[in-house]
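Values below: all heavy atoms of this structure, side chains included; hydrogens, waters and symmetry mates excluded. Quantities reported herein were computed from a predicted structural model and do not represent experimental measurements.
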Number of protein chains: 2
Amino acid sequence: MNSAIIVAAGSGTRFGTDKAKQFLEIFGKPVVIYALERFEFCPQIDEIILVLPTAEIKNFQKITEKYNLKKLFKIIAGGATRADSVWNGLNAIDAETAEIVAVHDGARPLVASEEITKTIEKARETGAACLVANVTDTIKEIKDGKIVQTIDRTKLRRALTPQCFRYKILKRAFEENKFDDAVTDESFLAEKLGIEVSIVEGSGRNIKITHEEDLSLAESLLSRC
Amino acid sequence: MNSAIIVAAGSGTRFGTDKAKQFLEIFGKPVVIYALERFEFCPQIDEIILVLPTAEIKNFQKITEKYNLKKLFKIIAGGATRADSVWNGLNAIDAETAEIVAVHDGARPLVASEEITKTIEKARETGAACLVANVTDTIKEIKDGKIVQTIDRTKLRRALTPQCFRYKILKRAFEENKFDDAVTDESFLAEKLGIEVSIVEGSGRNIKITHEEDLSLAESLLSRC
């Protein structure tokens, strides 16, 4: 079994709206539904675990019913941090049958089906794989208000999601490191164990809805699909 | 005299449209006009040099007349690369009276007036200053298709524009290094000379119009001004 954990447990405090970003709508459909559908329609995915803020579970259960998501296996409550939420999702997976786990941001509605497939396949081959995109900005290393150097951006990538792992690897990575404050993605936990994480080159279209204006960008990208 | 060089000499090949990105319109006004107006209304700027593709100069001269840009001193032709274009702009400045030169991307319509002011003031104080924004993505260093490490993003910044320099520093930086292929910004040229470039923390709103969908994002940001 390959499982997807869709993490949508954030409180949306950066938005300044009542609704968390993953529940805001694009063309009348919540952002997280787009993300769920991408995994629903991916043949390599067998089950989906959706992680939500506790207060949203009841209401969102009704919403998901409208969209006929057959692979949606469980909706569970998130924790205080992203790592806690993924950990909760991981514990909802049956260890006996688990193969690959794909962790995806609920606020990334634009991931392509082939990007999910490629990342799962790479993780099956190597144990751990992270979808990435090119860095288009010029990146500076800074110290004390000055530029130390311009970093060669051909050696850099932006980590996107999904990030895919053999179940046992991800479980161990969490058990050993999940309380590290610097955790911004799951790949980092695996890197800390000394596990080699492969990259899968993806598209910059796979944006994360973080600010309100990102909704306009997502609309524009979706209407160009 | 403080001079602004607005670089809008790109051919726009990344867009797949006939028009280069800097001439596309937001609410009926070309992107580069927004950029020009930001400098027109900045009290610290005395003159503006606009660098355009040769083929656009005649047509665009008519367009700029509509917008009453009193500080627009010269419209000159760009070169084959960004560095060539900035170099042409630099040579249009009177060395006798030049103090600070602010180089700005014509495809960045959203820079704030106070960001321009702060960057000019910092350059006057230290010789060289670069407007930057936080890195919001998780950044990985990669090698041979694998992740080497997650870079601490608190030590990284994205280089924006304007980038401001004492005239003599920028002139020397260009004279010594302008033929380096790795030049993606003017700060890099100064860094190569061993000159300390100060950073000025700016906003991620100051986006560069690179892809067609960035126009929607810019519209959304501009309507929120």
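Along residues 143-151 of chain A, the residues that come nearer than 4.5 angstrom to chain B, judged on non-hydrogen atoms, are A/G145, A/K146, A/I147, A/Q149, A/T150, A/I151 in order of number. The stretch residues 100-107 of chain B places none of its residues near chain A, where near means some heavy atom under 4.5 Å from a heavy atom of that chain. Of residues 113-123 of chain B, no residue lies under 4.5 Å from chain A by any heavy-atom pair.
Put simply, OG1 on B/T138 and NZ on A/K208 are 7.5 Å apart, with the number rounded to the nearest 0.5 Å. Distance check, rounded to the nearest 0.5 Å: CG of B/L217 to CD1 of A/I207 gives 8.0 Å. Taking CD of B/E212 as the start and CG of A/L221 as the end, the distance is 10.5 Å to the nearest 0.5 Å.
More than 12 non-hydrogen atoms from other residues, nucleotides or ligands lie less than 6.0 angstrom from CD of B/E201.
The salt bridge (Lys or Arg N to Asp or Glu O under 4.0 Å) test applied to B/E99 returns no partner, not counting sequence neighbours.
What you find for B/R158 and A/D137 is that their closest heavy atoms are CD-OD2, 3.0 Å.
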Checking B/K140 against A/V197 for the side chain to side chain contact (heavy atoms under 4.5 Å, CB included) test, could you report, in this order, the C-alpha distance in whole Å, the side-chain angles of both residues, the deciding distance, and whether it holds? CA-CA 11 Å; B/K140 307 289 186 181; A/V197 181; over 6 Å; no

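Annotation: maximal heavy-atom pairing with chain B below 4.5 Å, among A/A218, A/C130, A/A159, occurs at A/A159.
Residue A/V135 touches chain B through its side chain alone, counting heavy-atom pairs closer than 4.5 Å. Heavy-atom distances place the side chain of A/T126, and not its backbone, under 4.5 Å from chain B. Looking at A/E141, both its backbone and its side chain come within 4.5 Å of chain B, counting heavy atoms on both sides.
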